[in-house]
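These notes concern the structure reproduced below.
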Amino acid sequence: MPHTALSSSGLLTRGFVALLIVSFLSSFISAPLYSLLPVYVDKAHLGSPFFAGFLKALFLILGGLFAVPAGMLCDMLGVKRILILGIIGPLLAGFIFLTGDPLILVALCIGLGATFGFSSTGGQSYLLGAVSPSVIGLASAGYFLGSTLGTASGSLFAGPIADALGYQVLGTVACIASVCLIAGALVLLPELPRSGESTRSASRSFAGYLGLLRRREVRLLLGIRYLPTCYWGAVTLLIPLLISRISDTNTSATTYTAISLTVAGAFQILTGRLCDRIGRWRPILISAACVALSALGLALMAHTLPGLYIFGAMASAAAWSLSTTMPGLLKLTARDGEEGRVVGIAHVAWSAGMLSGNLGGGKLIEWGPTLPFGIAFVLCVGAVACGVGLYRVHHAADPSPAAPSK
């Protein structure tokens with residue numbers, strides 16, 4: 001397909017629509033991994049909440065590490081190849097529920113880390129190349145919404161299947177669906193063109209990452225990716241576990257996931273639309289502030305089921321809204337030929353935040369929910385400060401609130 005067909009001013013290009021379908025189905029199949037992994041480890045007596053946090057942290061931090069070569073390879077080889085490698089992840093996620101051996105769980109999570117690094121970097125790089133900068137806000141909302149709704153709807157199916165038929169059936173169904181997804185992605189996703197500058201720039205490989213870290217706007221970008229993600233890592237680990245302990249069912253945990261992500265989906269669309277209409281900065285700062293407020297609410301109310309549902313949903317809506325603003329900010333920060341590496345290094349920060357949140361939350365929960373969420377509130381205040389710093393750095397180059405991404 002020619003370049004003009006894929007990068008036209010319209011939003012619904014073939015590449016973007018195919019990406020939405022693949023993103024939704026990948027998240028749908030992987031949903032049990034996020035909503036039921038700590039519950040599965042707990043109920044199958046495979047380890048403590050800290051071990052569950054370690055498993056999640058393992059594939060998340062490896063995902064960040066593999067995002068570094070993934071970003072370089074996106075610039076060198078093209079994003080479709082990297083994205084296809086990442087779609088193997090849901091298959092490994094299905095195998096999680098087919099084994100009761102802790103060592104095999106660790107091995108599967110190592111494989112998940114590699115594939116998730118390619119999936120996240122490839123998916124976001126594909127997004128930046130598939131749509132026009134004038135609609136990047138709404139396109140980002142659609143991309144993340146596909147992931148959000150996929151996880152939400154997948155969770156609605158996963159909980160009842162696990163309760164009625166067991167984890168073995170759940171894992172088998174996920175594996176079969178994953179094989180179908182890989183085959184479909186090979187057919188659906190069109191190749192995106194690569195510029196000569198991208199190929200030449202990628203030849204600088206890891207030296208290019210060192211150059212990125214010397215720039216103040218990149219360091220602030222990494223801060224606003226890392227700090228709130230520490231909190232989000234704790235939320236994704238602890239809230240399903242706390243709800244399951246209070247209610248004593250799998251379905252209550254997955255129902256929370258579905259509800260909170262559905263609420264988040266509505267805010268993603270709103271945020272993306274606002275970014276295109278009024279600019280990115282107010283949505284960034286408001287979302288970051290709401291993330292901090294939700295952390296404070298959970299620190300005070302996480303011992304109650306209503307508090308977990310209300311402030312958990314608020315955390316989901318605010319965190320996903322903040323993520324919706326990121327592709328436009330990545331595109332603004334990246335120079336010609338380095339988009340893949342900017343996406344990759346940002347994913348490293350995201351994965352490091354998830355690692356910190358999962359390990360820290362899994363350990364600190366031993367002293368009750370107030371401590372992990374209270375610490376998260378302080379970190380989220382730091383994220384607001386990073387957002388203000390980014391605004392000051394970019395304001396001179398992007399003075400109009402309605403100015404589109406470059």
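Worth saying up front: this structure is predicted, and the values here are computed from it rather than measured.
- Counting heavy atoms from C-beta on, the side chains of Q124 and L330 come closer than 4.5 Å.
- Rounding to the nearest 0.5 angstrom, the gap separating the CG atom in L170 from the CZ atom in F97 is 5.5 Å.
- Here the OH-OG distance, from Y126 to S23, works out to 12.5 Å after rounding to the nearest 0.5 Å.
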(request) Go through L293 and M314 one step at a time and tell me if the side chain to side chain contact (heavy atoms under 4.5 Å, CB included) criterion holds. (result) CA-CA 9 Å; L293 289 176; M314 180 180 179; 3.7 Å; yes
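- When all heavy atoms are compared, the tightest approach of P228 to L322 is CG-CD2, 3.8 Å.
- The shortest side-chain heavy-atom distance between V384 and C380 does not fall under the 4.5 Å cut-off.
- Test L329, L270, T325 against C275 for side-chain contact (heavy atoms from CB on, under 4.5 Å) and you get one pass: T325.
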(message) Go through it in stages, so that I can follow the logic: the residues are S316 and W320, the test is side chain to side chain contact (heavy atoms under 4.5 Å, CB included), and I'd like the CA-CA distance, side-chain angles, deciding distance and then a yes or no.
(response) CA-CA 6 Å; S316 183; W320 277 105; 3.6 Å; yes
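- In this structure, I87 and S178 have side chains that are not in contact, with every pair of non-hydrogen atoms separated by 4.5 Å or more.
- When every heavy atom of L238 is checked against every heavy atom of G361, the shortest pair comes out as CD2-O, 3.6 Å.
- Once rounded to the nearest 0.5 Å, the distance linking CG of L274 with CD1 of I284 reads 12.0 Å.
- Residue-environment remark: CZ (R273) stays at or below the threshold of 12 foreign heavy atoms within 6.0 Å.
- Residues C175 and L98 have side chains in contact (heavy-atom distance under 4.5 Å, counting atoms from C-beta outward).
- Looking only at distances, a side-chain donor or acceptor of S323 sits under 3.5 Å from a matching main-chain atom of A319.
- Side-chain atoms of M326 and L221, non-hydrogen and from C-beta on, do get closer than 4.5 Å to each other.
- One N or O on the side chain of T236 and one on the backbone of G233 form a donor-acceptor pair closer than 3.5 Å.
- Counting non-hydrogen atoms of other residues, nucleotides and ligands closer than 6.0 Å to CZ of F267 gives a total of 12 or fewer.
- Using modelled atom types and a 3.5 Å distance limit, the side chains of Y309 and S260 yield no donor-acceptor pair.
- A 4.5 Å side-chain heavy-atom check between V291 and Y231 finds at least one atom pair inside the cut-off.
- Within the 4.5 Å cutoff, the side chain of S125 has no heavy atoms near those of the K80 side chain.
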(message) Between T151 and F28, does the side chain to side chain contact (heavy atoms under 4.5 Å, CB included) criterion hold? Intermediate values first, please.
(response) CA-CA 5 Å; T151 304; F28 183 93; over 6 Å; no
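- The heavy-atom pair separating L181 from P90 by the smallest distance is CD2-CG, 4.4 Å.
- Between the side chain of T229 and the backbone N or O of W232 there is no donor-acceptor pair closer than 3.5 Å.
- Atom CZ of F157 sits in a sparse spot, with 12 or fewer heavy atoms from other residues, nucleotides or ligands closer than 6.0 Å.
- Contact record, L19 with G123: CD2-O, 3.8 Å, taken as the closest heavy-atom pair.
- Between L300 and F373, the closest side-chain pair of non-hydrogen atoms is not below 4.5 Å.
- Side-chain contact of Y226 with S356: a donor-acceptor pair under 3.5 Å is present, judged by distance alone.
- Here the shortest heavy-atom pairing between V263 and A317 reads CG1-CB, 4.2 Å.
- Considering all non-hydrogen atoms of both residues, L379 and L227 come closest at O-CB, 3.5 Å.
- For the pair S26 (side chain) and V22 (backbone), a donor-acceptor distance under 3.5 Å is absent.
- Panel note: side chain T370, backbone A299; a donor-acceptor pair is recorded below 3.5 Å.
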(message) I88 vs I182, test: side chain to side chain contact (heavy atoms under 4.5 Å, CB included). Steps then yes/no.
(response) CA-CA 7 Å; I88 299 173; I182 294 169; 4.3 Å; yes
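- In this structure, OG on S120 lies 14.5 Å from CZ on F66, to the nearest 0.5 angstrom.
- A donor-acceptor pair is defined here as one N or O able to donate and one able to accept, closer than 3.5 Å; such a pair exists between the side chain of T115 and the backbone of L112.
- Atom CZ of F24 is surrounded by more than 12 heavy atoms from other residues, nucleotides or ligands within 6.0 Å.
- Between S321 and S287, the side chains place no donor N or O within less than 3.5 Å of an acceptor N or O (distance only, hydrogens not considered).
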